[in-house]
**Q** 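Here you go, one structure.
The chains referred to below are lettered A, B, ... by the order of the sequence lines, with proteins before strands, and numbering in each begins at 1.
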There are 2 protein chains.
Amino acid sequence: MLKRLNKYSNILNMKKKTTIKDIANVLKITPSAVSRALHNHPRISDKTKEAVKKVAKELEYQPNQLASALRSGKSKLVGVIVPRTNSYFFSSVVENMEEELNKKGYNVIFTQSNESYDKECRNIETLLQTQVDGIIASLTNETVDFSHYEKIKAKEIPLILYDRGDNDIGVDYIGIDDYKSSHIVVDHMVAQGCKRIAHIAGYRHTRIYNNRIRGYIDALEKHNLPLEKELILEGDLTVEGGRQKMKELLKLPKRPDGVYAAGDYAALGALQVLLENNVKVPEEIALVGFSNEPFTSLVTPAISTIYQHNEEIGKLVAKQFLKREKDKTWKPKLNKIILDAELIVRASSKKKN
Amino acid sequence: MLKRLNKYSNILNMKKKTTIKDIANVLKITPSAVSRALHNHPRISDKTKEAVKKVAKELEYQPNQLASALRSGKSKLVGVIVPRTNSYFFSSVVENMEEELNKKGYNVIFTQSNESYDKECRNIETLLQTQVDGIIASLTNETVDFSHYEKIKAKEIPLILYDRGDNDIGVDYIGIDDYKSSHIVVDHMVAQGCKRIAHIAGYRHTRIYNNRIRGYIDALEKHNLPLEKELILEGDLTVEGGRQKMKELLKLPKRPDGVYAAGDYAALGALQVLLENNVKVPEEIALVGFSNEPFTSLVTPAISTIYQHNEEIGKLVAKQFLKREKDKTWKPKLNKIILDAELIVRASSKKKN
DNA sequence: ATTCTTTGTTCAAACGTTTGAACAAAAGGG
DNA sequence: CCCTTTTGTTCAAACGTTTGAACAAAGAAT
């Protein structure tokens with residue numbers, strides 16, 4: 001539309017993109033001077049700096065990150081691997097991560113592993129090919145072999161894990177204390193008067209779910225509650241999974257009076273089954289979930305759940321990356337930052353006021 | 001741990017990264033031959049190709065995308081702008097987009113505008129700096145000025161809009177027919193016996209919400225239902241927003257017998273208020289939402305809603321990009337692909353069986 | 001006035017790949 | 001057997017930036 005004609009318009013229209021060279025030509029100086037001027041190199045006079053910046057703006061100069069990255073070896077790109085995005089937890093973590101990294105001039109390349117080990121491997125492959133300056137990842141539930149992460153370490157770029165990590169990878173990790181979270185949940189349920197607490201658990205081979213199971217078991221013991229095998233039901237933590245497990249629990253000769261689900265979706269499935277069977281929640285059976293997915297506060301009765309400080313995790317991960325990126329001498333080693341989770345008590349587990 | 005010693009181990013350990021040059025040195029050929037061999041250039045003999053690929057694997061060669069991108073002018077990166085990720089609609093769109101693009105060797109750089117016009121501008125800036133091969137975007141609710149999109153068009157890289165677009169930008173657009181969707185909703189509600197249908201609407205200045213309002217109005221007319229000003233309530237479509245608007249509706253001397261909310265969160269808020277006031281849903285007031293957020297099927301009663309073919313939109317957007325990317329001669333022009341939305345009827349609007 | 005520093009800039013190489021053109025050798029055609 | 005075509009490879013430049021080293025000019029110190 002408005003084709004502003006200025007004294008450089010010929011250059012503007014001819015060349016596709018303005019480069020540092022074009023600026024140099026206009027000012028009759030060398031590209032190196034221009035580069036230095038744009039980076040505020042101390043040895044460049046204020047006069048040239050100003051002139052360069054003015055022309056740069058007029059020519060609508062946009063630095064070519066690719067060229068810069070190639071030469072300097074820094075792409076200013078951070079690769080992020082997310083198991084899945086259609087989970088509130090992950091999307092809010094990523095959101096905050098991105099924000100923090102953007103502030104420092106990094107862009108985020110974002111890939112989904114979709115809980116598939118193969119995809120995770122390919123993700124790493126492509127991220128490395130794209131010459132990212134670092135990788136931030138959360139393992140899929142399937143992942144038990146970590147050799148592909150060695151590649152990242154071999155490249156000597158920062159690797160930060162969050163939420164789902166593993167000690168064996170031996171790098172920075174940020175997440176919550178799942179073991180302790182289970183304690184918090186059980187403590188609360190006991191305080192509400194529960195005597196038989198069931199656990200709809202995730203698969204034990206996933207570290208975080210295993211920790212939740214261990215925490216649950218130890219917490220029961222702490223309260224001198226008997227541990228009953230049939231009250232621990234491992235499975236995938238989908239709504240359907242939760243429904244199945246809840247049905248099994250209702251069939252027991254002696255029903256539990258509290259259910260702790262290791263995931264909100266499973267908790268929701270359980271709640272549906274409870275309501276369908278006219279079981280009063282929380283009076284007859286109290287219910288607690290895990291993750292604070294938005295719907296937990298929206299259903300009736302609202303589901304008590306564990307809040308994992310999504311935002312903080314995202315920010316901390318970003319900060320940890322920036323720290324590692326700065327310190328060239330850092331050699332990766334296991335370094336866990338564990339946040340205490342927070343129980344959000346809602347109607348589904350409030351037997352007493 | 002296991003440091004496999006092979007005949008190239010010296011090279012492996014010395015150099016940080018294997019380049020095309022290293023392969024060339026090993027085989028006593030030139031880098032260009034290696035490059036061509038890796039790309040299956042017809043002029044390279046099968047013998048050399050094999051040899052090159054073998055050595056490449058042994059040296060754990062990883063192409064440097066940056067260098068390749070710089071030389072060839074193709075970064076194999078697609079920039080995606082999402083208004084927000086913590087919405088099921090967007091995350092499933094993005095998920096499918098990514099999958100489709102990955103198949104064709106493209107990586108996705110992903111940025112969130114967080115519904116902020118400023119952020120959107122900065123997003124575009126950084127994506128262009130990163131030399132993406134194209135941009136896929138959905139406008140924020142704030143966006144009414146489109147000059148920043150001209151920059152993308154000026155670079156002559158494909159620009160595809162989805163869900164929230166604008167005719168004035170004059171490019172490819174993929175989304176659903178909001179106007180028609182409202183018709184579908186109203187038709188359904190009328191069929192269920194509703195005579196006074198209220199509309200909890202989004203702000204009219206957003207194209208899609210305006211279209212939903214227009215569709216609602218015209219559909220009422222079609223069914224010879226009187227249009228009543230107080231039954232259209234514009235607002236932000238949050239849970240809280242929905243609650244407010246529903247409360248207002250309940251205060252009316254003559255209550256509606258159906259509520260069509262232009263967003264699921266608002267519908268949920270409305271539902272909460274209805275239940276709190278012991279209004280029977282759908283018997284006294286039927287309820288329909290928009291977007292098919294997961295929770296709509298999870299609450300009781302389940303909320304009827306409009307399903308926007310999230311997966312298909314994601315895939316179509318990706319395909320459209322790939323098409324434009326292939327055809328160098330294409331000049332951007334307005335080209336809309338409109339999908340029919342689908343009403344998912346659930347308990348909240350089923351007055352009749 | 002001579003030497004030493006500081007200041008402002010240029011030179012040239014480098015990052016790792018791609019690619020048009022050139023070239024030699026082998027194969028095909030008459 | 002000479003000429004043309006095909007095949008397989010090399011040469012060298014290019015993509016746009018950054019950066020150590022070099023250098024000239026000006027200012028400071030002696």
**Q** What does Leu66(A) touch in the nucleic acid at a heavy-atom separation under 4.0 angstrom: a base, only the sugar-phosphate, or nothing?
**A** nothing
**Q** Any Lys/Arg nitrogen of Glu95(A) or Arg84(B) sitting under 4.0 Å from an Asp/Glu carboxylate oxygen of the other?
**A** no
**Q** Less than 4.0 Å between a side-chain N and a carboxylate O, is that true for Glu115(A) and Arg164(A)?
**A** yes
**Q** If you assign Ala67(A) and Ser35(B) each to the DNA chain C nucleotide with the nearest heavy atom, which residue ends up on the more 5' nucleotide?
**A** Ala67(A)
**Q** Between the side chains of Glu100(B) and Lys103(B), is the shortest nitrogen-to-carboxylate-oxygen separation below 4.0 Å, so that they form an ion pair?
**A** yes
**Q** Determine the contact category for Ser68(A): base if any of its heavy atoms lies under 4.0 Å from a base atom, sugar-phosphate if only primed atoms, P, OP1 or OP2 are that close, otherwise nothing.
**A** sugar-phosphate
**Q** Only one of Tyr162(B), Tyr106(B), Trp330(B) clears ring-ring contact (aromatic ring centres under 6.0 Å, His included) with Phe321(B); which?
**A** Tyr106(B)
**Q** Taking the nucleotide of DNA chain D with the closest heavy atom to each, which residue, Thr30(B) or Ser72(B), is nearer the 5' end?
**A** Thr30(B)
**Q** Only one of Asp133(A), Leu66(A), Ile109(A) forms a side chain to side chain contact (heavy atoms under 4.5 Å, CB included) with Ser75(A), so which one is it?
**A** Asp133(A)
**Q** Check the surroundings of atom NZ in Lys336(A): do more than 12 heavy atoms from other residues, nucleotides or ligands lie under 6.0 Å from it?
**A** yes
**Q** Select from Lys49(B) and Arg71(B) the residue whose nearest nucleotide in DNA chain D is closer to the 5' end of that strand.
**A** Lys49(B)
**Q** In whole Å, I'd like the distance from the NE2 atom of His41(B) to the C1' atom of dT6(D).
**A** 13 Å
**Q** Could you pull out the closest heavy-atom pair between Pro42(A) and Lys49(A), with the gap in Å?
**A** CA-NZ, 4.3 Å
**Q** Categorize Ser32(B) for me: base, sugar-phosphate, or nothing, with a 4.0 angstrom heavy-atom threshold over every strand shown.
**A** base
**Q** Near Lys326(A) NZ, under 6.0 Å, is it more than 12 heavy atoms from other residues, nucleotides or ligands?
**A** no
**Q** Between which nucleotides of DNA chain C, read 5' to 3', does contact with chain B run, using atoms under 4.0 Å from its heavy atoms?
**A** dG16(C) to dA21(C)
**Q** Pairs counted as Watson-Crick or G-U wobble with both distances under 3.5 Å: what dot-bracket string results for DNA chain C, using | for bases tied to another strand?
**A** ||||||||||||||||||||||||||||||
